[in-house]
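The first residue in the sequence is number 1, and the count goes up from there. Basis for what follows: all heavy atoms, side chains included, without hydrogens, waters or symmetry-related copies.
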Amino acid sequence: MRRTLCRRQIGPAILLLAAFALTGCGYRTAGQAVKLPADVHTIAIPMFENRTPSYRIEQTLTSAVVREFTTRTNYRIANQASRDADATLHGAVVSTYISPLTYDSTTGRTSSALVTVAMRVSLIDRNGKMLFQNQNYSFRQQYEVSREVSSFFQEQSPALERLSRDFARTLVSNILENY
C-alpha cells in the first residue's frame, strides 16, 4: 500500500515540476518594450531649437539623438518635419549653465567646472496626438580646466559631447519604454 501511495504522489509532482520548468521566468530580451503605436515607422527629427547663447549646442544634441535612434531602433529617421513622417520629435534647449566646482589652491583659478543643460522634448504623431513629452530634462557633465595657459585646452566641448550622448540614450529609452 505504501508503494502505490508513493507512486501516485510522484506522478503529479513530476508533472507539476515539468510545468514550472516550461513556463519560464518572465524576463524578456532588450528592445521588447517598445510602446510607440505600431503605425509609427518614420520619425522626423528636425534641428532642436536653441534658446540659449551657447553656440551650436542644438546641433550637438540633435545629432546625438539621431545617432541613438539610428543605432538602437529600426525606425526610419528623417531630418525635417514632413507629411511623410508618422511622428515628429521636437526639442528645445532651454538653458545652459557653467559653474565652477573646484579651485586651484595656489592660483585661485577654477580647476573643474560643471556644465548643466536643460531641455524640453515632445514627440507628436501626424494627427497632432502627443506620444511623449518631457518638459524638464536636465543633464550635467563635469570637466577639468587646464592649469597651464600655454597648453590651454578647452574641455567644455568634449563635456558637451558626453552630455549629449547621455541625453540621447536617456531620451530614446524613455520614448521606447514610455517612461
Test side chain to side chain contact (heavy atoms under 4.5 Å, CB included) on Tyr97 and Leu114; report intermediate values, then the result.
CA-CA 8 Å; Tyr97 298 105; Leu114 183 72; over 6 Å; no
After noting the C-alpha distance and the side-chain angles of Leu171 and Val121, does the key distance pass the side chain to side chain contact (heavy atoms under 4.5 Å, CB included) rule?
CA-CA 9 Å; Leu171 173 65; Val121 179; 3.7 Å; yes
CA sep, side-chain torsions, deciding dist, call: Arg51, Glu49, salt bridge (Lys or Arg N to Asp or Glu O under 4.0 Å):
CA-CA 6 Å; Arg51 299 179 186 165; Glu49 182 183 349; 3.1 Å; yes
Derivation and outcome, side chain to side chain contact (heavy atoms under 4.5 Å, CB included), residues Asp166 and Gln141:
CA-CA 9 Å; Asp166 290 345; Gln141 188 66 235; 3.5 Å; yes
Could you please spell out the steps behind the side chain to side chain contact (heavy atoms under 4.5 Å, CB included) verdict for Met119 and Phe139?
CA-CA 9 Å; Met119 290 144 305; Phe139 281 80; 3.8 Å; yes
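Side-chain contact check for Ile175 versus Leu89: some heavy-atom pair is nearer than 4.5 Å. Within the 4.5 Å cutoff, the side chain of Leu36 has heavy atoms near those of the Leu123 side chain. Counting only heavy atoms from C-beta outward, the side chains of Leu176 and Arg72 approach each other to under 4.5 Å. A heavy-atom distance below 4.5 Å is not found between the side chains of Asn134 and Arg120. Annotation: side chain of Ser122 is in contact with side chain of His90 (closest heavy-atom distance under 4.5 Å). Ile45 places a side-chain heavy atom less than 4.5 Å from the side chain of Phe69.
Of the possible donor and acceptor atoms, none in the side chain of Thr62 sits under 3.5 Å from a partner among the backbone N and O of Gln59. Looking only at distances, a side-chain donor or acceptor of Arg126 sits under 3.5 Å from a matching main-chain atom of Asp84. Distance alone, capped at 3.5 Å, is enough to place a donor-acceptor pair between the Arg162 side chain and the Gln142 backbone.
No more than 12 heavy atoms of other residues, nucleotides or ligands sit less than 6.0 Å from atom CZ of Arg76.
How far CG of Leu131 is from CD1 of Ile124: 8.5 Å, rounded to the nearest 0.5 Å. In this structure, Arg140 CZ and Thr116 OG1 are separated by 5.0 Å, a value rounded to the nearest 0.5 Å. Summarising the geometry, atom OG1 belonging to Thr60 is positioned 10.0 Å from atom OH belonging to Tyr55; distances are rounded to the nearest 0.5 Å.
Looking only at atom types and distance, the side chain of Ser95 has no donor-acceptor partner in the side chain of Thr52 under 3.5 Å away.
Linking ILVMFWY residues whenever their side-chain heavy atoms come closer than 4.5 Å, directly or via other members, leaves Leu61 and Met47 in distinct clusters. Taken together through direct or relayed side-chain contacts under 4.5 Å among Ile, Leu, Val, Met, Phe, Trp and Tyr, Leu101 and Val115 form parts of separate hydrophobic clusters.
Considering all non-hydrogen atoms of both residues, Glu58 and Ser54 come closest at OE1-O, 4.5 Å. Taking all atoms of both residues into account, the shortest heavy-atom contact from Ala64 to Ala168 is O-CB, 3.3 Å.
Put simply, the residue from Thr70, Asp86, Val172, Val40 that forms a side chain to side chain contact (heavy atoms under 4.5 Å, CB included) with Tyr75 is Val40. Considering Val94, Val117, Val93, Asn174 in turn, Asn174 is the only one that fulfils the side chain to side chain contact (heavy atoms under 4.5 Å, CB included) rule with Tyr137.
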